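Below, chains carry the letters A, B, ... as their sequence lines are ordered, and counting in each starts from 1. What you see below is based on every heavy atom in this structure, not just the backbone, and it leaves out hydrogens, waters and symmetry mates. All figures in this text were calculated on a predicted structure; none of them were measured in a lab.
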Protein chains: 2
Amino acid sequence: MADVAKLAGVSSQTVSRVSNGHESVIPATRDQVLAAMRQLGYRPNSAARALRYGRFNTIGVILFSLASTGNSRTVEAIATHAAAEGYAITLIPVDVPTQDNVLGAFTRMGELAVDAVIVIMEIHLLDAATVTLPPGVYVVVVDSDAGDRYSVVDTDQADGARQAVHHLLGLGHETVWHVSGPETSFASQRRAQAWRSTLEAAGRPVPEPLTGDWSARSGYAAGLSLADEPGCTAVFVANDQMALGLLRAFHERGRAIPDEVSVVGFDDIPDSAYFPTPLTTVRQDFAEVGRRCVQRVLTQIREGQAAQPGTDLVPTQLLIRDSTATAPPVAETIAARKPKRR
Amino acid sequence: MADVAKLAGVSSQTVSRVSNGHESVIPATRDQVLAAMRQLGYRPNSAARALRYGRFNTIGVILFSLASTGNSRTVEAIATHAAAEGYAITLIPVDVPTQDNVLGAFTRMGELAVDAVIVIMEIHLLDAATVTLPPGVYVVVVDSDAGDRYSVVDTDQADGARQAVHHLLGLGHETVWHVSGPETSFASQRRAQAWRSTLEAAGRPVPEPLTGDWSARSGYAAGLSLADEPGCTAVFVANDQMALGLLRAFHERGRAIPDEVSVVGFDDIPDSAYFPTPLTTVRQDFAEVGRRCVQRVLTQIREGQAAQPGTDLVPTQLLIRDSTATAPPVAETIAARKPKRR
DNA sequence: CGCACGGAAGTTTACGTTAACATCACCGCC
DNA sequence: GGCGGTGATGTTAACGTAAACTTCCGTGCG
């Protein structure tokens, strides 16, 4: 900056004014400074700026993995909206979500150049965390029920599950089986709870749920056991990838979808319309989740204080495709199933 | 820091020494300082540190989209390895990959707090970019053939495609059809080129390739036209998602996989083992790509100068599952196909 | 007993930027 | 013609940290 000032024959303050677009610089001077900047390849030093302003214009994102569709799409939305507001995002991955690692991430984040933090993770992992973020760093959490303590943005998991179950019951199915995600996932828990309470509210029997780990592999395993389950004509699977595996298991066992069994997924990943049977599924609006995270966090930064705790639920939408159909008559179900038992 | 110093009854320099783990602090003093730090919730200010050291310990990643499996897995690997080296990563998404936007991203990156940049994008978009990064900021590029100008890390696309084609020819197929990715993608181009040259080297006819856009949707469309193609017994699809769509199209048209038609994909997304027919595919090692990017970039930072241009190719591996089989006898192919033409 | 030495802690300064204040020249008006 | 005002630019200081240098004190040795 001093070099630019010297070359342009002005003071460094004038260079600063030009680089910040102040108005009180006469055009001739401005042009000289700009020319000097170009010639010297000058770039403002963001560390010095951050030091001066006390802000970094950066939001930290702590997350477990980018591998899941949901996370990567949420992060992408966060990055896009943050960019639109002049904020960059810094990613802190936690490879194994133990408390120690999460703590470490927070500690590092505390030392990092961020103005606020978005946590995409089960908040349980933070419960015993004694580490506090530096005062003035704000937190928004996704995938959590800690709305009483944090500012939470999440998909309305419960309503999505409710829609799925209602859809299936409305098609005449006696009840709905469920393949859940891992127990450690809050999203999975809420989908399972809503599935159960919706069945109970309708006075239907509640079959024992199966537990998967979000992977197609675990969906396949669940599918193999459900295919042999007498009376199973409708399944609500907690995500699309598991539904893919389940579809294949049912196909292998000769259970026709949707004629014998109806299947509903969750997420609406781009592929699910091209599954062997185009999948009826509950669409999550990840982009909206990301948008609201950024909005919350920026509000906090601008107001200079943490937002009121509270949960902000993003609605879901049931997408009806070809994997659900009217329940088969009971007799037919039994007749069709019998020969397939092994 | 001054407050901590006052509370601990030492100078700020001693606080600095403690917070950097210097040895020349007597344990008693150190404990006092640590206690004061805890009491006051002191965190070192990273902006000031960056200003002092001239480094940010941050790597910028410019990319088009996180939506593709490959990108998000590469970014994840980058983040993980960078974290292991004490570096954070800052994400700069470019929503629409026009030159203007890429330029803008570079400009913003130039003003950002990063020591180096990894670009996950077609380098063509940068060709006309007159914007230069600040001197001392280093670039590594993924998905590019610009090894003569930049430091490039990429999957060995060509060899992967070659393996796929050889596998199919080895099973006795007369030739191999191809569904490529978009023409704007360098990865797609190289896979297509290698497919063509491998067929030519083997003296086989080269069918007209079909072009998709990586989506299952476009693979489905390609599958619908290939299903009617006489003599098509083997298809190399440029990614797994398109293969999923193609599988469905073939299934709808009654073309059995692998009995009538063999299919090979590319990527090895986690789902591909649970496609309706478990997919034979070329595995990309995204984690390794990410690792090498970080390694290259850190080498540059540490040596203080840009690396020699050059391309670093990460090998691929053919995973043989159930979607490929020996070519059917010609007569049978025709017999089986004929009734299905519409 | 005095002096050199070494370890612990303090002091000074610089990193690059910008807010706040100071200066200066020029303009218009009485 | 002097005086106040206004707009352009310069000067000073401060943001928080750490390297380099300085000071101080105790120890061991001749």
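Among the heavy atoms of the strands lying under 4.0 Å from L51(A) is at least one base atom, whether or not backbone atoms are also near. Counting non-hydrogen atoms under 4.0 angstrom, V25(B) reaches the backbone sugars and phosphates but no base. Nucleic acid contact class of T29(B) (heavy atoms, under 4.0 Å, all strands): sugar-phosphate only.
Here the side chain of T311(B) pairs no donor or acceptor atom with the backbone of V152(B) at under 3.5 angstrom. A donor-acceptor pair under 3.5 Å links the side-chain atoms of D115(B) to the main chain of N57(B), judged by distance alone. A donor-acceptor pair under 3.5 Å is formed between the side chain of D143(B) and the backbone N or O of A187(B).
The side chain of M1(A) lies closest to dT18(C) when the candidates are dT18(C), dT9(D), dA19(D). Checking dG16(C), dA18(D), dG10(D) against the side-chain heavy atoms of V10(A) singles out dG10(D) as nearest. Side-chain proximity of I26(B) to dT17(C), dA18(D), dA8(C): nearest is dA8(C). Across dA18(D), dT18(C), dG10(C), the shortest atom-to-atom separation from the side chain of S11(B) is found for dG10(C). Distance from the side chain of S24(A) is smallest to dT9(D) among dA19(C), dT9(D), dT17(D).
Atom OH of Y42(A) and atom C1' of dG16(C) are 8 Å apart (whole Å). Residue D31(A) contributes atom CG, which lies 16 Å from atom C1' of dT9(D) at whole-angstrom precision. Rounded to whole angstrom, the span from the NE2 atom of H22(B) across to the P atom of dG7(C) amounts to 16 Å. Whole-Å rounding puts the R43(B) CZ to dT17(D) P distance at 13 Å. Whole-Å rounding puts the R49(B) CZ to dC15(D) P distance at 18 Å. Between the CD atom of Q13(A) and the P atom of dA13(D) there is a distance of 14 Å, given to the nearest Å. Across the protein-nucleic acid pair, M37(B) atom CE and dG16(D) atom P stand 15 Å apart, rounded to whole Å. Between the C1' atom of dG16(C) and the CG atom of L40(A) lies a distance of 15 Å, rounded to the nearest Å.
OP1 or OP2 of dT18(C) lies within a sub-4.0 Å distance of a side-chain N or O belonging to N20(A).
Nearer the 5' end of DNA chain C, as judged by each residue's closest nucleotide, is the contact made by E23(B), out of E23(B) and Y53(A). Where R52(A) and T14(A) meet DNA chain D, the nucleotide closest to each residue was compared, and T14(A) sits on the side nearer the 5' end.
Taking only distance into account, the side chain of R17(A) meets the base of dG10(D) through a donor-acceptor pair shorter than 3.5 Å.
Note on R291(A) versus E288(A): salt bridge recorded, some NZ/NE/NH1/NH2 to OD/OE distance being below 4.0 Å.
Within the 4.5 Å cutoff, the side chain of V140(A) has heavy atoms near those of the S151(A) side chain.
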